[in-house]
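The structure under discussion appears below in the form of structure tokens.
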Protein chains: 2
Amino acid sequence: MTIATRKQREKEEMRSLILDAARKIFLEKGYHDTSMRNIAEEIQYSPGTIYLYFRDKDEIFHALHEEGFRRMLTKMQPLGHVSSPFERLKALGKVYLEFATENKDFYDLMFIMQAPIKHEADHEQWEMGHQTLDYLKQVLTECKKEGYFKGKNIEYLSFAVWSGVHGMAALYCRERCKAYHDIEPGELIEEGYKYLVNMLENL
Amino acid sequence: MTIATRKQREKEEMRSLILDAARKIFLEKGYHDTSMRNIAEEIQYSPGTIYLYFRDKDEIFHALHEEGFRRMLTKMQPLGHVSSPFERLKALGKVYLEFATENKDFYDLMFIMQAPIKHEADHEQWEMGHQTLDYLKQVLTECKKEGYFKGKNIEYLSFAVWSGVHGMAALYCRERCKAYHDIEPGELIEEGYKYLVNMLENL
DNA sequence: AAAAATAATGAACAGTGTTCAGTATTCAAA
DNA sequence: TTTGAATACTGAACACTGTTCATTATTTTT
């Protein structure tokens with residue numbers, strides 16, 4: 001018994017070791033510029049070893065994908081303490097954009113990168129994503145109860161709101177904010193978000 | 001003289017030939033799954049030949065990038081005939097989203113893909129991008145003259161508007177609309193855009 | 001201590017972008 | 001029209017990629 005559990009623990013430790021190295025290099029050089037050999041070298045094992053713990057590069061991608069959502073959800077925990085629904089919505093957007101700018105590469109991984117849909121494990125993988133989206137819908141529903149968004153459909157509305165913040169985050173992550181030569185991306189997002197909130201107030 | 005110009009014409013024809021093949025395969029299999037050998041095979045030349053007409057894969061990318069903007073700007077031409085500025089703004093967003101959904105891969109190339117910033121030709125490359133953004137700002141300014149967007153900063157506002165439509169387009173291009181299981185992406189974008197327009201009307 | 005099970009290796013495969021010595025073709029001058 | 005220079009093209013080679021798998025090393029069980 002004790003040895004079987006130790007084995008399992010060792011297996012998990014090895015997965016962590018690989019994941020730590022992968023995260024480090026992924027976030028340093030990006031997904032495509034990180035090779036399995038790079039990761040193997042980082043942990044001082046042969047490339048083949050990684051394949052004893054992960055089916056392929058995509059499975060590593062998905063593991064980090066999930067980690068990103070866990071981090072985001074953690075960052076959203078404090079929102080429960082905001083009593084007013086609309087204030088909570090405002091704070092949610094702020095947290096979302098903060099997460100995106102502070103964890104650029106995680107955000108990219110989660111919402112922009114082409115997620116390879118090889119393994120049908122996708123349903124599982126997006127579990128976390130749905131949790132986040134559901135939370136947005138919930139907050140919007142609560143806002144509605146307070147008189148906001150009269151006659152608006154929650155599904156469409158949530159998509160519009162999500163698109164609003166995702167748009168800014170995506171333009172930021174993929175360096176398209178540079179189109180505004182003499183305005184800092186941070187300022188752009190901050191002021192842009194103010195207008196988005198303004199628009200939602202009057203909808 | 002005549003032979004020198006013929007040479008140049010042949011050179012341009014060859015570039016077109018390569019570009020046509022590259023576009024075809026890029027849009028079929030995506031940028032990363034298209035190899036220089038694939039393109040060479042398509043035009044029945046050796047891989048090395050391509051490098052006599054394009055510095056590297058990135059230069060081909062940038063050529064198509066530019067083509068995308070030319071296509072988009074063409075699609076925007078008829079907007080000049082819409083007299084009311086706000087109607088023009090609405091139509092602009094519609095055209096933008098139509099372009100994105102109808103030319104998914106071009107849109108991806110233009111606004112989502114990590115544009116490699118190797119060559120300092122970037123200034124040139126984004127010329128077209130700026131033209132598009134400038135047009136949006138112009139329309140917004142005209143709307144302002146008609147009483148819309150009182151006291152709003154055009155730079156920030158344009159960013160918010162661009163983010164709104166880009167967000168939808170980006171979620172669509174990278175398959176994140178699937179988070180809404182039983183709503184078609186097309187419907188999502190159409191209805192989401194209605195809300196965005198609604199919001200802009202009341203801003 | 002021997003046998004079985006597990007873990008790790010690293011060479012090999014088929015692919016990638018890119019380079020460049022060598023060959024074929026086209027052109028200009030004699 | 002023939003010769004020498006310029007141009008165009010080739011395809012093997014380089015250093016890389018993700019992935020597999022026979023072989024070797026280690027650990028566990030008998």
Side-chain angles (χ1 to χ4, degrees), chain A residues 1-19 21-23 25-26 28-65 109 113-119, chain B residues 1-19 21-23 25-26 28-65 109 113-119:
Chain A
M1 202 55 131
T2 64
I3 92 100
T5 60
R6 197 212 62 202
K7 282 262 158 167
Q8 200 188 333
R9 197 199 60 214
E10 278 178 354
K11 197 128 201 156
E12 275 163 22
E13 277 173 2
M14 191 64 176
R15 265 184 79 99
S16 282
L17 188 68
I18 294 169
L19 235 37
R23 186 189 317 104
I25 311 183
F26 273 21
E28 244 170 36
K29 319 203 296 174
Y31 180 73
H32 271 293
D33 288 343
T34 301
S35 75
M36 296 302 261
R37 284 174 183 80
N38 292 158
I39 300 170
E41 202 177 350
E42 176 78 21
I43 60 173
Q44 309 194 73
Y45 276 80
S46 89
T49 303
I50 297 178
Y51 288 85
L52 300 173
Y53 299 90
F54 293 92
R55 195 172 351 194
D56 51 26
K57 204 183 173 185
D58 289 346
E59 197 171 302
I60 298 180
F61 171 90
H62 277 120
L64 291 176
H65 190 266
L109 215 70
M113 272 193 196
Q114 212 67 272
I117 329 179
K118 275 185 198 173
H119 324 123
Chain B
M1 202 58 134
T2 64
I3 92 101
T5 60
R6 200 211 61 204
K7 283 264 159 167
Q8 200 189 335
R9 198 199 60 214
E10 278 178 356
K11 196 127 200 158
E12 274 163 22
E13 276 172 2
M14 192 63 175
R15 264 183 79 99
S16 283
L17 188 67
I18 294 169
L19 235 37
R23 186 190 317 105
I25 312 184
F26 274 20
E28 243 170 36
K29 320 203 295 176
Y31 180 73
H32 271 291
D33 288 342
T34 301
S35 74
M36 295 302 262
R37 284 173 183 80
N38 292 157
I39 300 170
E41 203 176 348
E42 176 77 21
I43 60 173
Q44 309 193 71
Y45 277 81
S46 88
T49 302
I50 298 178
Y51 289 86
L52 299 173
Y53 299 89
F54 293 92
R55 196 171 349 196
D56 50 28
K57 205 182 173 184
D58 289 345
E59 197 172 302
I60 298 180
F61 170 91
H62 278 121
L64 291 177
H65 189 268
L109 215 70
M113 273 191 193
Q114 212 68 268
I117 329 180
K118 276 184 196 171
H119 324 121

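Below, read A as the first sequence line, B as the second, and so on, with proteins coming before strands; counting in each chain starts at 1. Keep in mind that the numbers below use all heavy atoms, side chains included, and drop hydrogens, waters and symmetry copies.
- Between the side chain of A/Arg37 and the base of D/dG18, a donor-acceptor pair under 3.5 Å is found.
- Straight-line distance from the CD1 atom of B/Ile50 to the P atom of D/dT10: 10 Å, rounded to whole Å.
- Scanning for side chain to side chain donor-acceptor pair (under 3.5 Å) contacts around B/Glu10 gives B/Arg6, with sequence neighbours left out.
- Using a 4.0 Å cut-off, some side-chain N or O of B/Lys11 falls inside it from OP1 or OP2 of D/dA8.
- Atom NZ in A/Lys57 sits roughly 14 Å away from atom C1' in C/dG15 (whole-Å rounding).
- Residue A/Asp33 contributes atom CG, which lies 15 Å from atom C1' of D/dG18 at whole-angstrom precision.
- Between the C1' atom of D/dG18 and the CD1 atom of A/Ile60 lies a distance of 11 Å, rounded to the nearest Å.
- Paired runs in DNA chain C that reach 3 or more consecutive Watson-Crick or G-U pairs, where each pair keeps both distances under 3.5 Å, cover C:1-26 with D:5-30.
- Counting to the nearest Å, the C1' atom of D/dC16 and the CD atom of A/Glu41 are 13 Å from each other.
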Per-nucleotide protein contact string for nucleotides 20-26 of chain C (B base, S sugar-phosphate only, - none; heavy atom under 4.0 Å) = -------
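- Within the structure, a side-chain polar atom (N or O) of A/Ser35 is placed less than 4.0 Å from OP1 or OP2 of D/dT17.
- Every residue was checked against the salt bridge (Lys or Arg N to Asp or Glu O under 4.0 Å) condition with B/Glu28, not counting sequence neighbours, and none meets it.
- Look at CZ on B/Phe54: it is 18 Å from C1' on C/dT19, rounded to the nearest Å.
- When the side-chain contact (heavy atoms from CB on, under 4.5 Å) test is applied to A/Leu17, the partners found at least two apart in sequence or on another chain are A/Met14, A/Ile43, A/Tyr45.
- Between A/Leu52 atom CG and C/dA7 atom P there is a gap of 8 Å when expressed in whole angstrom units.
- Rounding to the nearest 0.5 angstrom, the gap separating the CD1 atom in B/Ile18 from the CZ atom in B/Arg15 is 8.0 Å.
- Residues passing the salt bridge (Lys or Arg N to Asp or Glu O under 4.0 Å) test with B/Glu42, sequence neighbours excluded: B/Lys24.
- Nearest heavy-atom pair, B/Met113 versus B/Tyr31, reported as atom, atom and distance to 0.1 Å: CE-CB, 3.4 Å.
- Sequence order on DNA chain C of the closest nucleotides to B/Glu10 and B/Thr34 puts B/Thr34 first from the 5' end.
- Of the two residues contacting DNA chain C, namely B/His32 and A/Tyr45, the nearest-nucleotide position lying further toward the 5' end is that of A/Tyr45.
- Residues forming a side chain to side chain donor-acceptor pair (under 3.5 Å) with A/Glu13 (at least two apart in sequence, or on another chain): A/Arg9.
- A/Tyr53 comes within 4.0 angstrom of the backbone, heavy atoms only, and of no base.
- Legend: residues meeting side chain to side chain donor-acceptor pair (under 3.5 Å) with B/Thr34, ordered by chain and number and at least two apart, are absent.
- Evaluation of the side-chain contact (heavy atoms from CB on, under 4.5 Å) rule for A/Ser35 yields A/Arg37, A/Asn38 as partners, not counting sequence neighbours.
- In this structure, B/Met14 places its CE atom 17 Å from P of D/dT7, rounding to the nearest Å.
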